[in-house]
Amino acid sequence: MSEEVSPRRRQLFWVLLAIAIGLSVQSMWDKEPRPQQTPYSSFLQLIESDQLSSVEIADTQIHATQKSGPKLLVKRIPGQDSDELVELLRAHKVEFTGTRVETPWWQSFLIGLAMPLAFVMLLYWMFSRRLGKAGPMSFGRSAAKIYDRSKDKAVTFDDVAGVDEAKAELREFVDFLQNPTRYASLGAHLPRGALLVGPPGTGKTLLARAVAGEANVPFFSISGSEFVEMFVGVGAARVRSLFEQAKERAPCIVFLDELDAIGKSRGGLGTMATNDEREQTLNQLLIEIDGFEDNAGVIVMAATNRPETLDPALVRAGRFDRQILVSRPDIRGREAILAIHARKVTMLDDSILRDVARRTPGMSGADLANVVNEAALAAARRGGKGVELQDFEEAVDRIQLGLKKAAHIMSRAERARVAFHEGGHALVALSVKHADPVHKVTIVPRGIGALGATLQLPTDDHYLMTREELADQLCVMLAGRSAEKLIYGTESTGASDDLERATETARAMVCRYGMS
């Protein structure tokens with residue numbers, strides 16, 4: 001850091017030194033005897049005693065020259081009648097003139113320069129902080145991060161799990177980067193762009209890096225929001241700079257994360273409120289992907305979780321014409337992802353990962369990585385020698401239900417009501433045909449407003465649900481409220497979340513699924 005800051009400090013030092021030398025020289029050139037400060041009463045006495053030869057009258061002060069002696073400086077009295085002073089000077093035959101006291105030119109120069117200079121220095125400081133090491137002269141330069149296998153740890157397909165279909169699709173890109181002549185000899189060319197579509201945390205960025213690692217080519221990574229700045233034209237300039245760098249290091253992969261930040265549709269109701277800078281950036285991106293220039297060897301990959309908002313020109317054939325779905329993993333995929341992340345922690349039994357995978361339906365790869373980390377933290381808190389199933393149970397409960405409220409003290413009557421409520425959920429779940437098996441019942445308060453929970457563990461992932469299965473779900477949701485009313489003869493507020501979920505399910509059955 002010192003090597004970057006010291007040249008700036010040296011330049012500032014030389015500028016300040018030059019200003020100081022200039023002011024010193026100017027002060028020596030203009031060096032005159034300083035006038036003597038004199039009270040106004042003494043000034044009048046000198047006039048009456050005929051000791052003054054000339055007087056210069058200004059707005060706020062008077063310069064007087066004595067017949068013998070130093071020059072005098074007299075402060076004028078506010079509201080004084082200048083006519084009386086003029087008559088007095090005439091009576092004693094003293095030469096007098098009116099003058100305006102002017103500020104020296106160097107003072108006017110410094111005063112006029114101070115505000116613009118301060119403004120420029122403020123802008124420079126703001127842009128330096130915004131752009132980091134690149135400095136304010138790099139507005140149009142791409143800020144893409146470059147990952148090179150020779151310098152950075154390579155990510156391969158072995159580090160990615162749970163998205164086998166997407167991996168199979170992307171192996172074609174790897175083969176093209178490794179054997180381009182085989183495709184060229186047949187007259188075939190790979191799609192210019194691949195758009196990875198899927199929910200957040202499913203591993204879209206990791207997949208793109210794995211393609212670069214498998215093909216052993218440079219990998220340029222940048223977020224869509226980094227193209228747009230406060231100055232017009234900066235986004236388009238950064239797009240040009242990015243592809244110029246990519247062409248120099250081809251074959252390579254350019255990865256645009258959060259593509260919807262610059263690739264939103266230019267039509268529709270939002271046309272009147274369109275950001276021109278964003279449009280210029282998008283237009284330049286369209287030209288670079290499929291324009292007049294040859295981008296041979298540069299594969300563009302992008303990721304988004306909102307493909308419906310993208311401009312049609314961006315996803316047409318010849319640009320991002322290959323859309324690859326990166327969905328949440330199934331139970332086998334979750335087990336494989338857990339196994340990858342479990343390499344970094346000390347496991348006492350790897351076979352428990354199957355049970356953890358069953359306990360985490362709907363979780364993405366990022367969520368599962370968090371589960372493994374929370375399990376390791378739980379094992380460290382209890383002083384264990386390795387991560388066990390109880391640590392994973394604690395981690396999943398912590399993520400799904402929230403923290404335990406150790407200081408939350410309920411009365412005995414409240415605990416009994418919560419126990420009956422959760423017991424109703426468990427009994428009905430065990431009784432109906434299509435409910436998932438009950439895994440755990442707890443009355444330990446967790447999270448915000450959760451006084452207890454009944455956890456069911458599905459035997460497999462479900463992609464379709466029948467009317468009967470949804471009806472059994474409704475029975476389990478409402479069983480807690482029914483148990484309270486059966487035991488106590490009245491209801492409480494503890495079933496508010498159950499009623500909300502049951503209402504949502506019932507509305508979906510009628511309005512969306514046509515099961516009325």
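Numbering starts at 1 and runs along the sequence shown.
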Leu207/Ile324 under side-chain contact (heavy atoms from CB on, under 4.5 Å): CA gap, chis, key distance, verdict: CA-CA 11 Å; Leu207 265 174; Ile324 301 174; 5.9 Å; no
side-chain contact (heavy atoms from CB on, under 4.5 Å) between Thr202 and Val163, worked out: CA-CA 9 Å; Thr202 51; Val163 283; 5.6 Å; no
Worked check of side-chain contact (heavy atoms from CB on, under 4.5 Å) between Asp498 and Arg481: CA-CA 8 Å; Asp498 297 330; Arg481 180 70 172 263; over 6 Å; no
From CA spacing to verdict: side-chain contact (heavy atoms from CB on, under 4.5 Å), Tyr513, Leu470: CA-CA 11 Å; Tyr513 308 141; Leu470 290 172; 4.1 Å; yes
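In this structure a side-chain-to-backbone donor-acceptor pair under 3.5 Å is missing from Asp260 to Arg306. Formation of a donor-acceptor pair under 3.5 Å by the Ser241 side chain with backbone atoms of Ala237 is not found in this model. A donor-acceptor pair under 3.5 Å links the side-chain atoms of Arg319 to the main chain of Ala313, judged by distance alone. In this structure a side-chain-to-backbone donor-acceptor pair under 3.5 Å is missing from Arg322 to Ala194. Put simply, the side chain of Lys204 never gets that close to the backbone of Val326: no donor and acceptor are under 3.5 Å apart. The backbone N or O of Asp436 sits less than 3.5 Å from a side-chain atom of Gln456, completing a donor-acceptor pair. With hydrogens and angles disregarded, a donor-acceptor distance shorter than 3.5 Å links the side chain of Asp159 to the backbone of Thr156. Within the 3.5 Å criterion, the main-chain N or O of Gly224 finds no donor-acceptor partner in the side chain of Glu258.
No side-chain heavy atom of Arg334 sits less than 4.5 Å from a side-chain heavy atom of Arg354. Under the 4.5 Å side-chain criterion, counting only non-hydrogen atoms from C-beta, Val476 is not in contact with Thr454. Side-chain atoms of Lys385 and Thr346, non-hydrogen and from C-beta on, never get closer than 4.5 Å to each other. In this structure, the side chains of Leu285 and Leu256 come closer than 4.5 Å at one or more pairs of heavy atoms. Annotation: side chain of Met363 is in contact with side chain of Gln400 (closest heavy-atom distance under 4.5 Å). A 4.5 Å side-chain heavy-atom check between Cys252 and Val298 finds at least one atom pair inside the cut-off. Residues Leu195 and Leu314 have side chains not in contact (no heavy-atom distance under 4.5 Å, counting atoms from C-beta outward). Arg359 places a side-chain heavy atom less than 4.5 Å from the side chain of Glu393.
Contact detail for Val217 and Pro251: the closest heavy-atom pair is CB-O, 3.4 Å. Closest approach of Ala246 and Val254 over heavy atoms only: CB-CG2, 3.7 Å. The shortest non-hydrogen separation linking Thr281 to Ala236 is OG1-N, 3.8 Å. The minimum heavy-atom distance linking Phe157 with Val211 is given by the pair CZ-CG2, 4.0 Å.
Distance check, rounded to the nearest 0.5 Å: CD of Glu469 to CG of Leu474 gives 12.5 Å. Distance check, rounded to the nearest 0.5 Å: CD1 of Ile299 to CD1 of Ile289 gives 12.5 Å. Atom CG in Leu338 sits 6.5 Å away from atom CZ in Phe392 (nearest 0.5 Å). In this structure, CD in Glu169 is found 10.0 Å from CG in Leu196, a value given to the nearest 0.5 Å. Atom-to-atom distance recorded for Met301:CE and Leu259:CG is 12.5 Å, nearest 0.5 angstrom. Here the NE2-SG distance, from His425 to Cys475, works out to 12.5 Å after rounding to the nearest 0.5 Å.
Heavy atoms from other residues, nucleotides or ligands lying under 6.0 Å from CD of Glu500 number 12 at most. Residue Arg507 qualifies as open at atom CZ: its count of foreign heavy atoms under 6.0 Å is 12 or below. Atom NZ of Lys264 sits in a sparse spot, with 12 or fewer heavy atoms from other residues, nucleotides or ligands closer than 6.0 Å. Within 6.0 Å of CD in Glu504 there are 12 or fewer heavy atoms belonging to other residues, nucleotides or ligands. Applying the 6.0 Å contact sphere to CZ of Arg501 captures more than 12 heavy atoms from other residues, nucleotides or ligands.
By the 4.0 Å N-to-carboxylate-O rule, Arg417 lies close enough to Glu484 to be salt-bridged with it. Residues Asp397 and Lys440 are paired through a salt bridge, judged by an N-O separation under 4.0 Å between the basic side chain and the carboxylate. Between Arg382 and Glu394 there is no salt bridge, since no side-chain nitrogen of the basic residue lies less than 4.0 Å from a carboxylate oxygen of the acidic one. The pair Glu214-Arg171 does not meet the salt-bridge criterion, since no charged nitrogen lies less than 4.0 angstrom from a carboxylate oxygen.
Applying the side-chain contact (heavy atoms from CB on, under 4.5 Å) test between Glu374 and each of Val372, Val371, Asn370 identifies Asn370 as the sole match.
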